[in-house]
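First up is the structure itself, then whatever we jot down about it.
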Amino acid sequence: MDLSNDQLKRYSRHIMMHQLDYEGQVKLLQSHALIIGAGGLGSPVAMYLASSGVGQITLVDFDKVEVSNLQRQIMHGTPDIGRPKVESARDRLVAINPDIQVNTLSHALDEQELLEQVRSADVVIDTTDNFATRFAVNAACVRERKPLISGSVIRMEGQMTVFRNDKGDGPCYRCLYKDAGELGETCTQNGVLAPVVGIIGAIQATETLKVLTGLGQDLSGRLLLLDAFTMEFRELKLRKDPGCPVCGTPA
């Protein structure tokens, strides 16, 4: 794939990096990212992937834009209130970079549809805020052996990790969380400081670009924890659970 003069200018700061270079940018333009959720985390993820030149982005979200979203969901604006989030998001992403293809799905995916979408993507980014969806996305990624970039935020706390299901030897999301239990809290119930979703979303986007290009060392096997109240990061090691109901070895 040869880059046009306009593309060489647009992506020049990437191409100047010896770690990424021309070949890395071509990889991005030939990549397909599936983003589940077009809200607080999905906004910075999608906007950075679009501006970075990920050639095809598929957005999945069945919600409409509400005024309470605008405090943190920076992909949407006041004129978008009442519109499907994926439509508002598509307009924003194409305005950022008309060089890319943006696909939208404005309904909840059943199991088969989710598997098909995961299968067609090179990487999956989970930016949702409920455990039922996270568990379903994780199961699909394990089954289709696709890398999963997972992030979550609540109040002033965030966490982020990468599950390399494509390599098959690391933990999956269910190794980390056996069930929702008391962890099924949402921003709707507990609130969230707006820029914290930007911090975690930007890290998710960074890890996505690294996975797509093979750049650097990703967060697989490590859980990054942010306490924005004290602005401290901590890191925990993640291990594969042999008894995991999704990725473990059957008894």
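Fair warning: this is a prediction, and the values are worked out from it, not measured in the lab. Heavy atoms only: backbone and side chains are in, while hydrogens, waters and symmetry mates are out.
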Step through the shown structure and confirm whether more than 12 heavy atoms of other residues, nucleotides or ligands are within 6.0 Å of NZ on Lys240. yes
Is the backbone N or O of Gly42 less than 3.5 Å from a side-chain atom of Gln73, with the two atoms forming a donor-acceptor pair by type? no
Can you classify the ring geometry of Phe131 versus Tyr173 as parallel (below 30°), tilted (30 to 60°) or perpendicular (above 60°)? tilted
Counting only heavy atoms from other residues, nucleotides and ligands, does the tally under 6.0 Å from OH of Tyr22 exceed 12? yes
Value for CD (Gln204) from CG (Leu224), rounded to nearest 0.5 Å, stands at 11.0 Å
Applying side-chain contact (heavy atoms from CB on, under 4.5 Å), run through Phe163 and Leu238 and close with a yes or a no. CA-CA 10 Å; Phe163 299 106; Leu238 296 182; 4.2 Å; yes
Any side-chain heavy-atom pair from Leu115 and Glu144 closer than 4.5 angstrom? yes
Apply side-chain contact (heavy atoms from CB on, under 4.5 Å) to the pair Val86 and Leu105, showing each step before the final yes or no. CA-CA 7 Å; Val86 292; Leu105 294 167; over 6 Å; no
Within the 4.5 Å heavy-atom criterion, are Val123 and Asp166 side-chain neighbours or not? no
Pair Asp99-Arg10, salt bridge (Lys or Arg N to Asp or Glu O under 4.0 Å): steps then yes or no: CA-CA 10 Å; Asp99 204 27; Arg10 179 181 289 272; 5.1 Å; no
Minimum heavy-atom distance Val54-Ala33, with the two atoms named: CG1-CB, 4.0 Å
Taking the basic N atoms (NZ, or NE/NH1/NH2) and the acidic carboxylate oxygens, is any pair closer than 4.0 Å for Lys210 and Glu207? yes
Answer whether the closest heavy-atom distance between the side chains of Leu59 and Val102 falls below 4.5 Å. yes
Reported CZ-to-CE distance for the pair Arg13 and Met17, which is rounded to 0.5 angstrom: 12.5 Å
Shortest non-hydrogen contact from Gly37 toward Thr127: O-OG1, 2.9 Å
Given Leu148, Leu41, Val137, the one that forms side chain to side chain contact (heavy atoms under 4.5 Å, CB included) with Ile36: Val137
To the nearest 0.5 Å, what is the distance between CG (Leu176) and CG (Leu223)? 5.5 Å
Smallest separation among heavy atoms of Ala205 and Leu49, with atom names: O-CD2, 3.9 Å
Take atom CZ of Phe233 as the centre, draw a 6.0 Å sphere, and report whether it contains more than 12 heavy atoms from other residues, nucleotides or ligands. yes
Side chains of Lys146 and Leu34: closer than 4.5 Å at any heavy-atom pair? no
Within the 4.5 Å heavy-atom criterion, are Met47 and Leu93 side-chain neighbours or not? yes
Does Val65 belong to the same Ile/Leu/Val/Met/Phe/Trp/Tyr cluster as Phe62, with side-chain heavy atoms less than 4.5 Å apart forming each link? no
Show the numbers, then the answer: is there a salt bridge (Lys or Arg N to Asp or Glu O under 4.0 Å) between Arg92 and Asp80? CA-CA 11 Å; Arg92 183 75 177 103; Asp80 297 313; over 6 Å; no
Is there a path from Ile96 to Ile35 through hydrophobic residues (I, L, V, M, F, W, Y) whose side chains come within less than 4.5 Å of each other? yes
If you look at every heavy atom in Ile100 and Ala50, which pair is closest and at what distance? CD1-CB, 3.5 Å
Checking Asp218 against Ser220: is there a side-chain donor and acceptor pair closer than 3.5 Å? yes
Testing the basics here: between Ala228 and Val196, what is the closest heavy-atom pair and its distance to 0.1 Å? CB-CG2, 3.7 Å
So, does His14 use its side chain to make a donor-acceptor pair with the main chain of Gly24 at under 3.5 Å? no
Do Thr58 and His32 have a side chain donor and acceptor closer than 3.5 Å? yes
Taking the side chain as every heavy atom from C-beta outward, state whether Leu29 and Gln7 have any pair of such atoms under 4.5 Å apart. yes
For the pair Tyr11 and Asn97, evaluate side-chain contact (heavy atoms from CB on, under 4.5 Å) and give the outcome as yes or no after the intermediate values. CA-CA 11 Å; Tyr11 308 119; Asn97 189 355; 2.9 Å; yes
Answer with yes or no whether the hydrophobic clustering places Val142 together with Phe135; edges join I, L, V, M, F, W, Y residues whose side-chain heavy atoms lie under 4.5 Å apart. no
Roughly how far, to the nearest 0.5 Å, is CE of Met231 from CG of Leu226? 6.0 Å
What's the verdict on side-chain contact (heavy atoms from CB on, under 4.5 Å) for Val162 and Ile149, showing C-alpha distance, side-chain angles and the deciding distance? CA-CA 5 Å; Val162 174; Ile149 316 297; 3.9 Å; yes
For Asp110, does the CG atom sit with more than 12 other heavy atoms under 6.0 Å from it, leaving out its own atoms? yes
When rounded to the nearest 0.5 angstrom, what is the spacing between CG in Asn103 and CZ in Arg90? 10.0 Å
What's the spacing between Tyr48 OH and Leu209 CG if we round to 0.5 Å? 11.0 Å
Under a 3.5 Å distance rule, please check whether Arg134 uses its side chain to pair with a backbone N or O of Thr128 as donor and acceptor. yes
For residues Asp63 and Asn69, determine if any side-chain heavy atom of one lies less than 4.5 Å from a side-chain heavy atom of the other. no
Would you say the side-chain atoms of Lys85 pair up with the backbone N or O of Gly39, donor to acceptor, closer than 3.5 Å? no
Take a 6.0 Å sphere around CD of Glu111 and say whether it holds more than 12 heavy atoms from other residues, nucleotides or ligands. no
Over all heavy atoms of both residues, which pair between Arg164 and Pro147 is shortest? Give the atoms and the distance, please. NE-CB, 3.9 Å
